[in-house]
Amino acid sequence: MEYKEPNIDPKLLSPYDPTSTEDRIYALWQESGFFNPDICIEKGVTAPDAKPFSIVLPPPNVTGTLHIGHAAMLVIEDIMVRFARMQGYRTLWLPGTDHAAIATQSKVEKIIEKEGLRKNDMGREEFLKRVTLFAQDSHDAIVSQIKKMGASIDWSREAFTLDEKRNVAVRTAFKKMYDDGLIYRGHRIVNWDPKGQTVISDDEIVYKEEKTKFYYLKYGPFTIGTARPETKFGDKYVVMHPDDTRYMQYKHGDTIEVEWINGPISATIIKDESIDMEFGTGVMTITPWHSAVDFGIAERHKLDKEQIIDTYGKLLSIAGEFAGMKIKDARAKIIEKLESKGLVEKIEDYTHNIATAERTEAVIEPQIMNQWFINVNKPIADRENKSLKELMLEPVKNGNISILPDRFERVYYNWVENLRDWCISRQIWYGHRIPVWYKGEEIYCGIEAPREEGWEQDSDTLDTWFSSGLWTFSTLGWPEKTKDFETYHPTTILETGYDIIFFWVARMILMSQYLLGDIPFKTVYLHGLVRDAQGRKMSKSLGNIIDPLDVAKKYGADAVRMSLIIGTGPGNDSKMSEDKIKAYKNFANKLWNITRFILSSTEGIIPDAKFSAYTDADKALIVERDEIMKAITKEMEEYKFYLAGDKIYQYAWARLADVIIEESKPILGGEDDYAKNSRAQFLLDTLAKVITALHPFMPFVTEELWSLIPRKDKNLLLVTAWPASHS
RNA sequence: GCGCGAUUAGCUCAGUUGGUAGAGCAAUCCGUUUACACCGGAAAGGUCGCAAGUUCGAGUCUUGCAUCGCGCACCA
């Protein structure tokens, strides 16, 4: 018998090779323009009146490269986007990056430090040039990584939180809030980072456990407790609870003379209900300049406030002989002196949590400073006199925004309800300059700088989350009334990590509700952290970091995508291992071989969508397959990608390959032409459907296979219709 | 302190209004001249954290407890 060369692409004869395929496929997609919804409509693959589906990419910080958590985010979003596009929606996924003010600036500071440079010697302009270069490099690396992962994102609309358009949005938003009296400048107690030399918000604080000493000191007739004797120099108020029977003989406002660190002082008795009678002796002295709680007491009773510690963490002249010393060094010396004066009653071991700065890890020193704040409690006239807090709560409470998993809704309420005014000014150089100018006593806030001479702009920049809060609409052209804004806002879904629900999700709701009177998105899908195989956080020090690019190179991006999605429900952390990736690399090859078998054993048969002469056995297989497709569609629509992905994997491998194909061998090699034709049509049809349903999960290998299977239309799989109807 | 989550096979996890426990990976045994060894087949592996309750029936619902993890707050 004469050997006949199979009439299939020779590519299929060797195992699937992702590395030689993926870049080529991505280029093909980009050339097609189909990532851009306008082009989809122009070329007729999306109906002109199709419903929009829009999502913004949570902009990665330009502080370096993407980690595996970013990869997971890209995969989840790309699955949503590809699924929506295949279902016929007018689908927009909008990319961008975040300037991440403090994070990026401190990164560059560290780099130039190694070169022996300091930012203050370079000057603001020179330093910012350097940061911009660094940001550009990071940006380029990030963009290429996003492409490697296969993200079907519309590059023609790319944005940056610090570019010119976003700057206009920021200034516009600031001005409106300023004019409405929501943004104000005032002397408040703030979180000062002595290392970063800037104020940070409450959310940028990380509490760390510290073992220290607790000192009981004699203060006139009282014993006071403190962990921070170095702040006690100026303490001239002694506070106790009004109901504390132990101190009934002292009346609010009484003064007593006490011998203190640097000599006698006159102390005033203050009665305040915030005092915990159970704690220590129930008596304390206060340091309003360096404690938020003490500040509150001082405000209530209109007490004097005095600064003890400067912005570098050194004691001021009020400390007398200790002036100029660092807190750490001063503490022991002060206790020594107090002991010599017989004022120390006892010292206990003490464990408490201290506030540190998220970025610099420095211990926060509360300070009273003149900073810019957003008032979250003030009623807003053109928002039915609701406050920002109320505007943030409303859409989640009434269901206009739903959060997945829904338990995070309660976390959100709890946070918003306890929210204090948001400190938005930062003493760093990299970021949006505050659009306020000063001339003597005059203040001017405007979108543009004042024309006249002699005005000087505020030197502070804005909290990076101020610009991120505008992201869902600043990226669509706001404040201009663009077509994009009208079409795609509010966005369909926001997909991000649960760790930034407060930083970002809440701020977007705030900004959108206030500036637009509308929600920024309808659904929030929160993903968890990607951990290592043992469930540990990935970190440099543990050496357990999995670089998405490395593993994508080794096993293919499709395999990495599958391993990031299977077993990962919303809100839960997931575990990642190379073994898991390897399993899905094998699956890509399995698909490859399934295709090879079906094509080579159905030679000469043209797939016919209208074919109906199926055998009863094949009819049953069709029913089974279509039910699975329907179930998968339902799970996709419920955002249960981990279930849908696994289901299609199971069907392709355990059912189609292991059972149906094996059973088909005798039929296809047999004499019964009726059964043969029927089975061949079934296999070709099922192959196409499986590949299509897998496309959101494994876009590269499926697109490649799509190009190899015989069919009439020549469209990319990217824009091919989803193989099951809406559930 | 307040709140949340997890606890199912060695590992990672499913288990959709309660109806006799599932998958992948790993490990074991068998199998290699036509789709695939990046494979196939077989067998093995669980008193579903513990205790009580509701029920004809609980991995699933209720309560309590334990362990692990997380978030928020923080007191001098």
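Every chain is numbered from 1, with letters handed out A, B, ... down the list of sequences.
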Visitor: Just distance, no hydrogens or angles: give the donor-acceptor pairs under 3.5 Å from side chains in residues 229-239 of chain A, sequence neighbours left out.
Guide:
| from | atom 1 | to | atom 2 | distance (Å) |
| --- | --- | --- | --- | --- |
| E230(A) | OE1 | R331(A) | NE | 3.0 |
| E230(A) | OE2 | R228(A) | NE | 3.1 |
| E230(A) | OE2 | R228(A) | NH2 | 3.4 |
| E230(A) | OE2 | R331(A) | NH2 | 3.0 |
| T231(A) | OG1 | R228(A) | O | 2.9 |
| K232(A) | NZ | D235(A) | OD2 | 3.0 |
| K232(A) | NZ | T285(A) | O | 3.4 |
| K232(A) | NZ | T285(A) | OG1 | 3.2 |
| D235(A) | OD1 | T287(A) | OG1 | 3.1 |
| D235(A) | OD2 | T285(A) | OG1 | 2.6 |
| K236(A) | NZ | D304(A) | OD2 | 3.1 |
| Y237(A) | OH | D304(A) | N | 3.0 |

Visitor: Within this structure, what is the CG-to-C1' distance between D658(A) and A37(B), rounded to whole angstrom?
Guide: 14 Å
Visitor: Work out how far the C1' atom of A51(B) is from that of A14(B), and round it to whole angstrom.
Guide: 27 Å
Visitor: Could you list the residues that satisfy ring-ring contact (aromatic ring centres under 6.0 Å, His included) with F641(A), not counting sequence neighbours?
Guide: none
Visitor: Within the 4.0 Å limit for protein heavy atoms, which parts of nucleotides 21-27 of chain B are touched? Write it as a string from 5' to 3', B for base, S for sugar-phosphate only, - for none.
Guide: --SSS--
Visitor: Using whole Å, report how far CZ of F597(A) lies from P of C36(B).
Guide: 10 Å
Visitor: When you look at T21(A) and E704(A), which way does the side-chain hydrogen bond (donor to acceptor under 3.5 Å, both in side chains) test go after all the steps?
Guide: CA-CA 8 Å; T21(A) 308; E704(A) 177 73 347; 4.5 Å; no
Visitor: Return whichever of P15(A) or S274(A) has its heavy-atom-nearest nucleotide of RNA chain B closer to the 5' end.
Guide: P15(A)
Visitor: Starting from P on G69(B), measure out to CG on D573(A) and report it in whole angstrom.
Guide: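 From D573(A) CG to G69(B) P: 13 Å.
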Visitor: Do the side chains of K582(A) and E578(A) get close enough for a salt bridge, i.e. N-O under 4.0 angstrom?
Guide: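 Result for this pair is no, no salt bridge flagged.
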Visitor: When rounded to the nearest Å, what value does the distance between C1' atoms of U17(B) and U28(B) take?
Guide: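 Nearest-Å result for U17(B) against U28(B) at atom C1': 41 Å.
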Visitor: Quickly work out the I501(A) CD1 to G5(B) P distance and round it to whole Å.
Guide: 14 Å
Visitor: Using the ring of each side chain (for Trp, its six-membered ring), is F214(A) parallel, tilted or perpendicular to Y216(A), with breaks at 30° and 60°?
Guide: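 Ring orientation, 0 to 90° scale: perpendicular.
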Visitor: Mapping I566(A) and A588(A) to their closest nucleotides on RNA chain B, which lands nearer the 5' end?
Guide: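 Result: I566(A).
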Visitor: For the atom pair CD (E703(A)) and OG1 (T692(A)), what is the distance rounded to the nearest 0.5 Å?
Guide: 10.0 Å
Visitor: For the pair K397(A) and E417(A), find out whether any cationic side-chain nitrogen is under 4.0 Å from an anionic carboxylate oxygen.
Guide: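 Salt bridge present between K397(A) and E417(A).
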Visitor: Would K590(A) pass as a cation-pi partner of Y16(A), given that its NZ or CZ must be under 6.0 Å from the six-membered ring centre and within 45 degrees of the axis?
Guide: no
Visitor: Here's a test for you: under side-chain contact (heavy atoms from CB on, under 4.5 Å), which of I25(A), I691(A), D558(A) qualifies with V701(A)?
Guide: D558(A)
Visitor: I'd like the P distance from C11(B) over to G5(B), given in whole Å.
Guide: 24 Å
Visitor: Between A73(B) and C4(B), how far apart are the C1' atoms? Round to whole Å, please.
Guide: 14 Å
Visitor: Go through the side-chain N and O atoms of D272(A) and H301(A) and say whether any donor and acceptor fall under 3.5 Å apart.
Guide: yes
Visitor: Please state the P separation for the pair C30(B) and G22(B) - nearest whole angstrom.
Guide: 28 Å
Visitor: Does the pair D244(A) and R246(A) meet the rule for a salt bridge (Lys or Arg N to Asp or Glu O under 4.0 Å), with working shown?
Guide: CA-CA 5 Å; D244(A) 198 327; R246(A) 291 170 292 183; 2.8 Å; yes
Visitor: Can you tell me how far CD1 of I565(A) sits from OH of Y584(A), rounded to the nearest 0.5 angstrom?
Guide: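 Answer for the OH-CD1 pair, Y584(A) versus I565(A), is 10.5 Å.
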Visitor: Any chance you could measure T268(A), atom OG1, to I265(A), atom CD1, to the nearest 0.5 Å?
Guide: 9.0 Å
Visitor: Regarding W415(A) and D203(A), do their side chains bring together a donor and an acceptor under 3.5 Å, going by distance alone?
Guide: yes
Visitor: Could you measure between the two P atoms, the one in G71(B) and the one in A58(B), and give it in whole Å?
Guide: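 Each nucleotide's P atom is 37 Å from the other's.
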Visitor: Starting from P on A37(B), measure out to CG on N589(A) and report it in whole angstrom.
Guide: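 Taking atom P of A37(B) as the reference, CG of N589(A) is at 8 Å.
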Visitor: What distance, rounded to whole Å, do you find between the two P atoms, one in U54(B) and one in U20(B)?
Guide: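 23 Å, rounded to whole Å.
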Visitor: Can you tell me, in whole Å, how much space there is between the C1' of G15(B) and that of U7(B)?
Guide: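 About 15 Å, rounded to a whole number of Å.
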Visitor: Remember a base hit wins even if backbone is also touched, and classify K232(A) as base, sugar-phosphate or nothing at under 4.0 Å, heavy atoms.
Guide: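 Sugar-phosphate: the residue K232(A), judged by heavy atoms under 4.0 Å, touches backbone atoms but no base.
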Visitor: Look at the side-chain N and O atoms of K590(A) and state whether any lies under 4.0 Å from the OP1 or OP2 oxygen of A35(B).
Guide: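 No, no such contact exists.
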Visitor: Would you call R420(A) and D202(A) a salt bridge, taking side-chain N to carboxylate O under 4.0 Å as the test?
Guide: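 A salt bridge is present here (some side-chain N lies under 4.0 Å from a carboxylate O).
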Visitor: Between the protein and nucleotides 71-75 of chain B, list every N/O to N/O distance that falls short of 3.5 Å.
Guide:
| from | atom 1 | to | atom 2 | distance (Å) |
| --- | --- | --- | --- | --- |
| C74(B) | OP2 | Y207(A) | OH | 3.1 |
| C74(B) | N3 | N353(A) | ND2 | 3.1 |
| C74(B) | N4 | N353(A) | ND2 | 3.2 |
| C75(B) | N3 | D276(A) | OD2 | 2.9 |

Visitor: When the distance from CD of E209(A) to P of C70(B) is rounded to whole Å, what number comes out?
Guide: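 Nearest whole value for this atom pair: 13 Å.
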Visitor: Considering just the side-chain nitrogens and oxygens of R407(A), establish if one lies under 4.0 Å of OP1 or OP2 belonging to G5(B).
Guide: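 So the side-chain polar atoms of R407(A) never come under 4.0 Å of the phosphate oxygens OP1 or OP2 of G5(B).
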Visitor: A35(B) P sits how many Å from I598(A) CD1, rounded?
Guide: 12 Å
Visitor: F587(A) has an atom CZ; how far is it from atom P of C39(B), in whole Å?
Guide: 12 Å
Visitor: In Å and rounded to the nearest 0.5 Å, what is the CD to CD1 distance from E409(A) to I501(A)?
Guide: 9.0 Å
Visitor: Using a 3.5 Å limit on both distances, find every run of at least three consecutive Watson-Crick or G-U pairs that involves RNA chain B.
Guide: B:1-7 with B:66-72, B:10-13 with B:22-25, B:28-31 with B:39-42, B:49-53 with B:61-65
Visitor: Just N and O in the side chain of K585(A): are any of them under 4.0 Å from OP1 or OP2 of C38(B)?
Guide: no
Visitor: Using a cut-off of strictly less than 4.0 Å between a heavy atom of the residue and any atom of RNA chain B, enumerate the qualifying residues of residues 659-669 of chain A by number.
Guide: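 Going residue by residue through residues 659-669 of chain A, the ones with a heavy atom under 4.0 Å of RNA chain B turn out to be I661(A), E662(A), K665(A).
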Visitor: Nearest to the N572(A) side chain among A35(B), G5(B), U12(B), which nucleotide is it?
Guide: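 Closest nucleotide among those given: G5(B).
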